[in-house]
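In this chain, residues are counted from 1 in sequence order. Side chains are part of it too, since the values below use all heavy atoms of this structure and drop only hydrogens, waters and symmetry mates.
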Amino acid sequence: MNNTQLVLPVHQRMAELYTINQLRQLTDEELTEMAMCLKINAKHCWEIAYYQNMAFMEHMVYNQDEWASDKDN
């Protein structure tokens, strides 16, 4: 998987806010925006973990079926 596929606009905005925060304190509006970005990022990460777990379980089930059919032959 290409790493650029994982970068969402929300990640770019978080990077911008982080960089701004290195130069000065974030405004209340920017802090609110950062909190929103973090919430979206957390949701995105949980969704990726869910799909990775589903893919792993599918792989385990498929390999188990394949192993059983090979054993019978």
Legend entry - side-chain contact (heavy atoms from CB on, under 4.5 Å) evaluation trace for M34 with E30: CA-CA 6 Å; M34 179 65 92; E30 289 167 335; over 6 Å; no
Legend entry - Cluster link I40 to W46, ILVMFWY, side chain under 4.5 Å: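 The answer is no; the residues belong to distinct hydrophobic clusters.
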Legend entry - Joint cluster assignment, L31 & I20, ILVMFWY side-chain distance < 4.5 Å: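 As far as the 4.5 Å side-chain criterion goes, I20 and L31 are connected within one cluster.
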Inset, instruction - I would like to know whether F56 and Q52 meet side-chain contact (heavy atoms from CB on, under 4.5 Å); could you show each step before the answer? - result: CA-CA 6 Å; F56 175 72; Q52 287 174 334; over 6 Å; no
Could you tell me the separation between the [atom1] atom of [X] and the [atom2] atom of [Y], rounded to the nearest 0.5 Å?
| X | Y | atom1 | atom2 | value |
| --- | --- | --- | --- | --- |
| T27 | N21 | OG1 | CG | 10.5 Å |
| N41 | H11 | CG | NE2 | 4.0 Å |
| M14 | T19 | CE | OG1 | 12.0 Å |
| E47 | C45 | CD | SG | 9.5 Å |

Inset, instruction - Kindly check if the number of other-residue, nucleotide or ligand heavy atoms within 6.0 Å of CD (Q25) is above 12? - result: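 Atom CD in Q25 is not crowded, with 12 or fewer foreign heavy atoms closer than 6.0 Å.
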Inset, instruction - Compare every heavy atom of L26 with every heavy atom of L17, then report the nearest pair and how far apart it is. - result: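 Looking at all heavy atoms of both residues, the shortest contact is O-CD2, 3.6 Å.
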